[in-house]
Amino acid sequence: MGRMTPRVCENCAYPDEELVLVRRVYVTPETWDTPPSHQVVDETELWCVSCRSQYPYEPADDEEQEQD
């Protein structure tokens with residue numbers, strides 16, 4: 001019988017069963033001549049809880065639902 005490939009976080013590649021579909025957010029801090037801004041990427045990624053606690057993101061759905 002073949003082995004299943006473990007699911008991994010698409011940000012850090014950590015194997016995890018509890019991944020959430022998110023959209024990455026790039027944040028640009030304010031400087032003396034530029035206001036702060038952010039950009040939400042259209043593509044979705046599966047992220048682990050560690051990456052979600054450290055990096056800015058938006059849930060891909062209205063509710064944070066785990067993807068099977």
Side-chain angles (χ1 to χ4, degrees):
M1 195 179 268
R3 299 179 91 186
M4 283 186 63
T5 303
R7 292 175 12 139
V8 297
C9 175
E10 294 178 5
N11 189 50
C12 71
Y14 182 77
D16 196 342
E17 291 298 318
E18 297 182 23
L19 301 173
V20 174
L21 196 61
V22 302
R23 287 189 174 84
R24 184 182 297 261
V25 176
Y26 290 102
V27 177
T28 303
E30 179 179 22
T31 62
W32 69 273
D33 64 345
T34 308
S37 66
H38 73 279
Q39 176 186 6
V40 180
V41 177
D42 290 334
E43 295 81 24
T44 58
E45 300 176 74
L46 289 170
W47 279 17
C48 66
V49 68
S50 179
C51 287
R52 293 190 321 268
S53 70
Q54 296 180 54
Y55 302 106
Y57 72 94
E58 288 185 358
D61 298 325
D62 290 339
E63 301 173 2
E64 262 190 52
Q65 298 177 350
E66 293 181 9
Q67 300 296 307
D68 293 313

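Only a predicted model underlies this, so the values are computations on that prediction, with no experimental measurement involved.
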- Task: Determine the minimum heavy-atom distance between V8 and P15, stating which atoms define it.
- Result: CG1-CA, 3.8 Å

- Message: I need the minimum non-hydrogen distance between C48 and C9, along with the two atoms involved.
- Response: N-SG, 3.4 Å

- Message: Applying a strict under-4.5 Å side-chain criterion to I, L, V, M, F, W and Y, I'd like to know whether V27 and V40 cluster together.
- Response: yes

- If two hydrophobic side chains count as joined below 4.5 Å and joins carry through other members, does V22 share a cluster with Y55? yes

Distance check, rounded to the nearest 0.5 Å: [X] atom [atom1] versus [Y] atom [atom2]?
X   : Y   : atom1 : atom2 : value
L21 : L46 : CG    : CG    : 5.5 Å
D61 : R23 : CG    : CZ    : 8.0 Å
D16 : R7  : CG    : CZ    : 8.0 Å

- Message: Run the salt bridge (charged side-chain N to carboxylate O under 4.0 Å, His left out) test against E45 and tell me which residues pass, sequence neighbours left out.
- Response: R24

- Apply the side-chain contact (heavy atoms from CB on, under 4.5 Å) test between R52 and each candidate in L19, V20, N11; give the one that qualifies. V20

- Message: Go through it in stages, so that I can follow the logic: the residues are Q54 and S50, the test is side-chain hydrogen bond (donor to acceptor under 3.5 Å, both in side chains), and I'd like the CA-CA distance, side-chain angles, deciding distance and then a yes or no.
- Response: CA-CA 6 Å; Q54 296 180 54; S50 179; 2.9 Å; yes

- ILVMFWY cluster membership beyond Y26 - transitive side-chain contacts under 4.5 angstrom: V41

- Message: I want to check something: taking the side chain as every heavy atom from C-beta on, are P36 and P29 in contact at a cut-off of under 4.5 Å?
- Response: no

